[in-house]
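Everything on this sheet refers to the single structure shown next.
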Amino acid sequence: MVQRPRGTADVLGPEAQRWQRVESLARRVCERAGFSEVRTPTFEATELFTHSSGESSDVVQKEMYSFTDRGGRPLTLRPESTASVVRAYHEAGLSGVHKFYYMQAHFRYERPQKGRLREHHQLGCEILGTDAPLADAELIAAAWTFLSAAGLSDLSVSLNSIGDRVCRPAYRLALQAYYRPHRDELCADCQRRLEDNPLRLLDCKRESCQALKQAAPKSRQHLCEACQQHFAQVCQLLDELGIRYRFDDLLVRGLDYYTRTVFVITHSALGAQSEVCGGGRYDQLSEVIGGGALPGVGFGLGLERLLITLGEGDQPAGSTRLYLAVTSPQLQGPALALAMQLRGAGLTVEVELADRSLKAQFRRADKEGFSHVAVFGPGEQASRHLTVRHLADGSESTEPMADLAGILLKRGSGL
RNA sequence: GUGGAUGUAGCUCAGAUGGUUAGAGCGCCAGGUUGUGGCCCUGGAGGCCGGGGGUUCAAGUCCCCUCAUUCACCCCA
């Protein structure tokens with residue numbers, strides 16, 4: 001049989017319910033905090049991503065699903081959404097401060113492993129149009145609030161500032177000056193990074209490069225006056241909000257567009273892919289894609305990873321659901337008609353579709369967690385009354401069909 | 001892209017050194033109870049042993065290739 005593509009997932013059954021709970025929670029948290037939803041196209045012009053993420057980034061170099069359409073346009077399935085949101089802001093003719101959230105699929109051609117898929121979903125929040133430290137703090141707070149509300153404990157927020165176009169160049173030079181004498185001790189990847197992306201040197205996890213990293217120049221000590229103040233205010237605001245964090249001088253992020261604040265939130269249950277949320281400020285991104293000056297800060301939060309950390313979880317207590325058992329195939333039509341009437345009155349009702357024994361029908365109702373079963377046969381059809389069995393305790397009562405929905409809903413499924 | 005592990009029934013897994021009709025538990029279906037669930041008992045259905053090639057008188061078992069899953073590297077959500 002044809003199988004699903006590598007690195008993709010089907011979601012069904014209880015898994016789908018877990019997704020629904022997380023999604024509705026995300027919408028609630030975001031909208032309460034004043035974020036409004038934005039939906040962007042699944043594919044974009046390839047250059048949107050190459051310009052924003054950076055030609056040298058791994059995402060652009062080897063992870064994009066790129067293709068040419070029949071009109072010869074170079075297109076790419078979005079590997080991330082921040083650039084799209086900034087583009088959409090400009091195309092909609094907006095100005096001033098806007099807060100957006102999105103929940104959509106992203107695509108990266110990578111080797112799948114725990115917490116890493118080729119198609120994955122992110123909740124993202126972006127605050128556009130201001131470089132105020134308050135925006136950084138509110139954004140991190142939004143991620144924090146959502147993760148806490150979802151039931152995640154043991155969160156760990158790592159924070160750093162990587163400067164802006166004023167101080168970053170000097171910091172890059174300092175890094176290069178520090179590393180150059182040790183060039184031969186570096187791994188092959190780092191030798192390349194030394195020239196095209198020195199900040200990424202701090203990202204290397206190889207044994208051989210560890211010692212050098214520890215003594216490398218720290219970004220926080222090379223910030224210009226403005227960046228220093230900005231970062232200090234972000235930290236102070238987080239303190240006031242009661243959000244605990246720790247400084248990580250080695251935190252740099254893989255996308256080129258980040259400036260100033262960068263952060264990640266990690267969780268121990270995730271194995272090697274421990275980041276559940278990552279983001280930062282990107283004050284130059286807009287200009288890079290030709291949109292004029294527009295500061296912004298945002299995060300992406302991996303929903304698959306969040307669901308892993310939450311574990312299976314307990315199903316919420318069952319609500320009132322009626323299973324209509326049918327005694328013969330001839331009565332399935334009338335039973336469905338009754339079900340539609342009861343559904344119209346607000347009751348959740350399922351009708352047996354196969355021609356099976358009552359015993360089998362009861363068994364299925366029990367296994368699938370229905371609260372009540374009623375048998376629909378010739379007698380019931382004639383009398384317009386149903387005997388309803390409450391599965392939790394086996395009690396039965398006979399009620400007129402016309403009132404059934406109201407009675408069951410009022411009684412609830414409680415014991 | 002690199003390395004390791006794993007693919008046998010719907011699910012979880014047994015199947016020493018190759019050897020006749022490939023097994024268990026759970027699940028599913030039916031019956032025991034001709035209009036009633038959970039527990040119990042009985043019976044039944046369901047497998048080109050991931051796919052392809054090779055070695056052999058003989059392959060689920062050995063070899064090669066391939067696909068997929070999974071863990072790690074890399075990188076990121």
Side-chain angles (χ1 to χ4, degrees), chain A residues 1-9 13 53 56-64 78-82 102-125 143 147 187-190 192-193 197 200 203-207 251-255 264-267 270-279 298-309 323 325-328 331 352 354-380 386-396:
Chain A
M1 195 185 62
V2 179
Q3 296 174 303
R4 66 175 189 269
R6 184 158 203 210
T8 62
S53 297
S56 70
S57 65
D58 288 274
V59 167
V60 169
Q61 287 207 329
K62 51 189 190 194
E63 293 174 5
M64 294 204 302
R78 57 169 176 249
E80 59 114 26
S81 288
T82 300
Y102 57 82
M103 253 192 290
Q104 46 194 25
H106 299 87
F107 308 86
R108 288 180 199 168
Y109 189 88
E110 301 184 272
R111 266 306 261 281
Q113 69 184 75
K114 184 176 185 179
R116 191 173 74 186
L117 297 167
R118 290 184 172 180
E119 178 181 15
H120 77 280
H121 298 77
Q122 283 181 34
L123 164 68
C125 286
L147 290 173
C187 65
D189 282 337
C190 283
R192 186 175 46 74
R193 288 173 181 141
N197 202 345
R200 301 299 307 287
D203 240 0
C204 188
K205 293 183 192 80
R206 283 179 199 279
E207 200 58 38
L251 178 62
V252 290
R253 315 292 294 143
L255 305 175
V264 298
I265 302 179
T266 55
H267 192 272
L270 283 169
Q273 311 304 318
S274 63
E275 294 180 22
V276 67
C277 176
F299 69 75
L301 191 154
L303 295 178
E304 281 85 356
R305 288 186 186 176
L306 172 62
L307 286 165
I308 290 173
T309 65
Y323 190 92
V326 184
T327 58
S328 76
L331 287 172
E352 171 68 17
D355 175 23
R356 296 196 291 180
S357 67
L358 280 178
K359 178 182 191 154
Q361 296 183 55
F362 268 81
R363 207 168 10 227
R364 184 186 151 205
D366 182 46
K367 190 154 40 214
E368 296 186 8
F370 284 83
S371 58
H372 299 82
V373 180
V375 177
F376 186 83
E380 286 80 2
L386 284 181
T387 298
V388 181
R389 183 179 179 89
H390 190 188
L391 287 181
D393 59 11
S395 63
E396 293 189 347

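Quick note: numbers below take in every heavy atom, side chains included, and nothing from hydrogens, waters or symmetry partners. Because the structure is a prediction, the values reported are computed rather than measured.
- Between A/Arg253 and A/Val264, the closest side-chain pair of non-hydrogen atoms falls below 4.5 Å.
- Relative to the side chain of A/Gln3, the nucleotides B/rA30, B/rU36, B/rA68 differ in distance, and B/rA68 lies closest.
- A donor N or O paired with an acceptor N or O is found under 3.5 Å between the base of B/rG35 and the side-chain atoms of A/Glu380.
- As the counterpart of B/rG10, B/rC26 is assigned, both hydrogen-bonding distances of the Watson-Crick or G-U wobble pattern falling under 3.5 Å.
- A donor-acceptor contact under 3.5 Å is formed by the side chain of A/Glu396 with the base of B/rU36.
- Annotation: side chain of A/Leu270 is not in contact with side chain of A/Lys114 (no heavy-atom distance under 4.5 Å).
- Counting only heavy atoms from C-beta on, A/Arg305 has its side chain closest to B/rA77 among B/rA77, B/rG38, B/rA30.
- Between the OH atom of A/Tyr109 and the P atom of B/rA77 there is a distance of 20 Å, given to the nearest Å.
- The separation of B/rA59 from B/rG1, taken at their P atoms, amounts to 34 Å, rounded to a whole angstrom.
- Taking atom CZ on A/Arg6 and atom C1' on B/rC67, their separation rounds to 9 Å, with Å as the unit.
- Which of B/rA77, B/rU2, B/rA30 sits closest to the side chain of A/Arg108 comes down to B/rA77.
- If you check distances only, the side chain of A/Arg111 does reach the base of B/rU2 with a donor-acceptor pair under 3.5 Å.
- When both distances must be under 3.5 Å, the Watson-Crick or G-U wobble mate of B/rA16 does not exist.
- Under the Watson-Crick and G-U wobble criteria, each requiring two contacts below 3.5 Å, nucleotide B/rU61 is left unpaired.
- Remark: P of B/rC73 and NZ of A/Lys62 are 14 Å apart, rounded to the nearest angstrom.
- The shortest side-chain heavy-atom distance between A/Cys187 and A/Cys204 falls under the 4.5 Å cut-off.
- Within 3.5 Å, a donor on the side chain of A/Arg116 pairs with an acceptor on the base of B/rC74, or the reverse.
- The P atoms of B/rG19 and B/rU61 are separated by 10 Å, rounded to the nearest whole Å.
- Following rounding to the nearest Å, A/Gln113 (CD) and B/rG3 (P) show an atom-to-atom distance of 16 Å.
- Aromatic stacking is not marked for A/His106 over B/rA77, as the cut-offs of 5.5 Å for the centres and 30° for the planes do not both hold.
- A/Ser81 and A/Gln122 are not linked by any side-chain donor-acceptor pair at a separation below 3.5 angstrom, with hydrogens and angles left out of the test.
- Comparing B/rC62 with B/rU17, their C1' atoms are spaced 12 Å from each other, to the whole Å.
- Base pairing of B/rU21: no nucleotide in any strand meets the Watson-Crick or G-U wobble criterion (both distances under 3.5 Å).
- Two residues are said to be in side-chain contact when any heavy atoms from C-beta on lie closer than 4.5 Å; A/Arg118 and A/Glu63 fail this criterion.
- Side chain of A/Glu119 to main chain of A/Ala9: no donor-acceptor pair is present (N/O by atom type, distance under 3.5 Å, no hydrogens or angles).
- Rounded to a whole Å, the CD atom of A/Gln61 is 16 Å from the P atom of B/rG1.
- A heavy-atom distance below 4.5 Å is not found between the side chains of A/Tyr323 and A/Asp366.
- Residue A/Leu117 is classed as a base contact, given a heavy-atom separation below 4.0 Å to a base.
- Note on A/Gln273: a base of the nucleic acid sits closer than 4.0 angstrom, heavy atoms only.
- B/rG46 and B/rC39 are spaced 26 Å apart, taking the P atom of each and rounding to whole Å.
- The partner of B/rC76 is absent, by the rule that a Watson-Crick or G-U pair needs both atom distances under 3.5 Å.
- When both pairing distances are held under 3.5 Å, B/rG38 makes no Watson-Crick or G-U pair with any nucleotide shown.
- The CZ-C1' distance, from A/Arg363 to B/rG38, rounds to 10 Å in whole Å.
- Picking from B/rG35, B/rA30, B/rC71 the nucleotide with the shortest atom distance to the side chain of A/Val375 gives B/rG35.
- Residue side chain A/Arg389 does not reach the base of B/rG35 through any donor-acceptor N/O pair under 3.5 Å, judged by distance alone.
- One P atom belongs to B/rA9, the other to B/rC48, and the distance between them is 8 Å to the nearest Å.
- Nucleotides B/rC13 and B/rG7 place their C1' atoms 12 Å apart, quoted to the nearest Å.
- For the P atoms, the distance linking B/rC11 with B/rG27 amounts to 15 Å, nearest Å.
- The nucleotide whose nearest atom lies closest to any side-chain atom of A/Asp203 is, among B/rG37, B/rC76, B/rA72, B/rC76.
- If you check every strand for non-hydrogen atoms under 4.0 Å, A/Gly7 touches sugar and phosphate atoms only.
- The partner of B/rU55, taking Watson-Crick or G-U wobble pairs whose two distances both stay under 3.5 Å, does not exist in any strand shown.
- If you measure from atom NE2 of A/His267 to atom P of B/rC76, you get 22 Å, rounded to the nearest angstrom.
- The base of B/rG38 does not come close enough to the side chain of A/Lys359 for any donor and acceptor atom to sit less than 3.5 Å apart.
- If you take CZ of A/Arg200 and C1' of B/rC76, they are 9 Å apart, rounded to a whole angstrom.
- Contact check, A/Arg253 against B/rA77: a side-chain N or O comes under 4.0 Å of OP1 or OP2.
- A/Ala325 comes within 4.0 angstrom of no nucleic acid atom, judged by non-hydrogen atoms across all strands.
- Among the protein residues, A/Gly115 comes within range of the nucleic acid bases, having at least one heavy atom under 4.0 Å from a base atom.
- For the P atoms, the distance from B/rU12 to B/rU69 is 15 Å, rounded to whole Å.
- To the nearest 0.5 angstrom, A/Gln273 atom CD is 12.5 Å from A/Thr266 atom OG1.
- Atom CD in A/Glu80 sits 7.0 Å away from atom CZ in A/Arg108 (nearest 0.5 Å).
- Taking the side chain of A/Asp366 as heavy atoms from C-beta on, and the options B/rC71, B/rC76, B/rG38, the nearest nucleotide is B/rG38.
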